[in-house]
J.: 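Below is a structure I'd like to ask you about.
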Amino acid sequence: MLIATTLAEARALLPVLPRPVGFVPTMGALHAGHLELLHVARKASASTIVSIFVNPLQFGANEDFANYPRDVQGDRSKLERAHVDALFLPNATEIYPDDFTTYVDAGAIGSTFEGVVRPRHFRGVATVVTKLLHIVQPDILFLGQKDAQQACVLRKMIVDLNMPLDVELVPTIREDDGLAMSSRNAYLSAEQRAAAPSLYRALLALREALEHGASKAEAAEIARATLSESATPDYFDVVDAATFEPIEQLVREAFVIGAARFGRTRLIDNLHIVPGRVETSVA
Ligand code: AMP
C-alpha cells in the first residue's frame with residue numbers, strides 16, 4: 001500500500017494509480033462499515049484510495065474532536081489486509097494553514113436535522129471533501145448510507161459545483177443486534193450499548209406504522225415509544241432521498257431518519273426506502 005502524508009506525495013500518486021480511481025474518505029478508527037465501502041470501491045474501481053483525517057472543521061466547540069478515537073496503526077493493517085492501493089494521511093496544518101479563509105456552504109440540506117444540532121458541521125464536511133477531491137482527483141466517491149444527510153449534502157455539492165466524478169452510496173453495516181456500526185459506538189457504556197439498538201428498532205417501527213396507514217406524527221410517536229427509556233430522542237422523520245425535505249408518506253425514494261442521545265453519545269441512523277424494494281441495510 002502506498003502512503004502519502006503530504007499534498008506533494010498525494011499528488012505524486014495520481015499518475016501511478018490506474019483509473020477509474022475509487023476514493024473512500026474516512027476519519028479512521030475503521031470498522032466493518034468502512035471495510036464494506038472499501039470492498040464496494042475495489043469492485044467498482046481499478047484502484048482505491050482511502051483517506052484518514054479527523055477534520056477539525058466539522059466538530060463544534062463542545063464536540064468530541066480531541067477524544068475522537070484514533071488508531072492509525074490498526075487502521076493501516078486493516079487497509080493492507082483489504083488490499084487498498086493507497087492511503088492518504090494528511091496533517092491538519094497542511095490542510096488548514098493559518099491563512100486559510102475559504103469555505104464551502106452546505107446549502108439548504110446542510111441546515112436541517114443534523115445541521116440544526118451541529119450548526120457548522122456540514123460546512124466543515126463540504127469544505128474538507130472538496131479539498132480532498134481536488135487533491136486526490138478520483139473518478140468515483142464512495143459514501144456510506146449511515147450518514148445519509150452527509151451523502152445528500154455532498155451529492156448536491158458535486159452536482160452544483162460541476163465536480164467531474166460519480167458518487168456511490170453503500171448500504172449501512174450493522175452489528176448483529178441491529179446497531180449501525182460507528183466509530184462513536186466505542187463511547188457507549190455497557191448499559192448504553194445494550195439500549196442503543198432501540199434506535200434501529202424505532203426506525204423499523206416508524207416505517208411499519210407508516211406502511212400500515214399511520215400518519216407521520218403517529219408513526220414518529222411510535223418510534224419515540226420504541227426507543228429505550230434511557231435514551232433521549234432528538235428527531236424522527238421521513239425525508240425525500242434527494243432533497244432531505246420532510247415528506248408525509250413513503251410514496252417515493254426516502255430515508256426514515258432518527259437521532260437520539262445515549263448518555264453523552266449522540267447516535268444517528270436511517271432506513272433507505274425505495275418503494276417496491278426492501279431495506280438494503282445488512283447485519
Ligand atoms: P467516518 O469515518 O465516520 O467519517 O465515515 C467514513 C465513511 O464511512 C462515511 O461515508 C460513512 O458514511 C461511512 N460509514 C460509517 N459507518 C458506516 C456503516 N456502519 N456502514 C456503512 N458505511 C459507514
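Excluded from the calculations below are hydrogen atoms, water molecules and symmetry mates; all remaining heavy atoms, backbone and side chain alike, are included. The first residue in the sequence is number 1, and the count goes up from there. One-based numbering, in listed order, for ligands and for the atoms of each.
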J.: With the threshold set at 4.0 Å, does a side-chain nitrogen-carboxylate oxygen contact exist between Glu114 and Arg266?
T.: yes
J.: Output all residues satisfying ring pair (Phe, Tyr, Trp, His ring centres under 6.0 Å) with Phe100, sequence neighbours left out; order by chain, then residue number.
T.: Tyr96, Tyr103
J.: Relative to the heavy atoms of Met181, which atoms of ligand 1 are at a distance of less than 4.0 Å?
T.: 16 (N), 17 (C), 18 (C), 19 (N)
J.: For atom 12 (O) of ligand 1, grab the closest protein heavy atom and report residue, atom and distance to one decimal in Å.
T.: Asp147 OD2, 2.7 Å
J.: Given that the side chain starts at C-beta and the backbone is N, CA, C, O, which of these parts of Ala151 lies under 4.0 Å from ligand 1, counting heavy atoms, or is it both or neither?
T.: neither
J.: Please state which protein non-hydrogen atom is closest to atom 22 (N) of ligand 1 and give its distance, to 0.1 Å?
T.: Leu37 CD1, 3.1 Å
J.: Tell me the contacting part of Arg174 for ligand 1: side chain, backbone, both, or neither, using a 4.0 Å heavy-atom threshold, strictly below.
T.: neither
J.: Which residue and atom name correspond to the protein heavy atom nearest atom 20 (N) of ligand 1, and how close is it?
T.: Ile173 N, 2.9 Å
J.: Identify which of His34, Met27, Lys146, Gln58 has a heavy atom lying nearest to atom 5 (O) of ligand 1.
T.: His34
J.: Relative to the heavy atoms of Leu143, which atoms of ligand 1 are at a distance of less than 4.0 Å?
T.: 10 (O)
J.: Are Arg264 and Asp64 close enough for a salt bridge, meaning some N to O gap below 4.0 Å?
T.: no
J.: Show me which atoms of ligand 1 lie under 4.0 Å from any heavy atom of Thr172.
T.: 19 (N), 20 (N), 21 (C)
J.: Can you tell which of Val129, Leu141, Leu133, Leu154 makes a side chain to side chain contact (heavy atoms under 4.5 Å, CB included) with Met163?
T.: Leu133
J.: Quick check: does any side chain N or O of Glu36 sit under 3.5 Å from a backbone N or O of Thr172, one acting as donor and the other as acceptor?
T.: no
J.: For ligand 1, note which part of Glu36 has a heavy atom under 4.0 Å away: side chain, backbone, both or neither.
T.: neither
J.: Under a 4.0 Å heavy-atom limit, does Pro171 contact ligand 1 with its side chain, its backbone, both, or neither?
T.: backbone
J.: Tell me which protein heavy atom sits closest to atom 10 (O) of ligand 1, plus the residue, atom name and distance to 0.1 Å.
T.: Gly144 N, 2.9 Å
J.: Can any side-chain N or O of Asp71 pair as donor or acceptor with the backbone N or O of Gly74 at less than 3.5 Å?
T.: yes
J.: Ignoring hydrogens and angles, tell me if any N or O in the side chain of Asn270 forms a donor-acceptor pair with the backbone of Gln145 under 3.5 Å.
T.: yes
J.: Check whether any side-chain N or O of Asp166 sits under 3.5 Å from a backbone N or O of Ile140 as a donor-acceptor pair, and report yes or no.
T.: no
J.: For atom 6 (C) of ligand 1, what is the nearest protein heavy atom, given as residue, atom name and distance?
T.: Pro25 O, 3.4 Å
J.: Which side chain to side chain donor-acceptor pair (under 3.5 Å) pairs, counting each pair once, include a residue from residues 122-139, with sequence neighbours left out?
T.: Arg19-Asp139
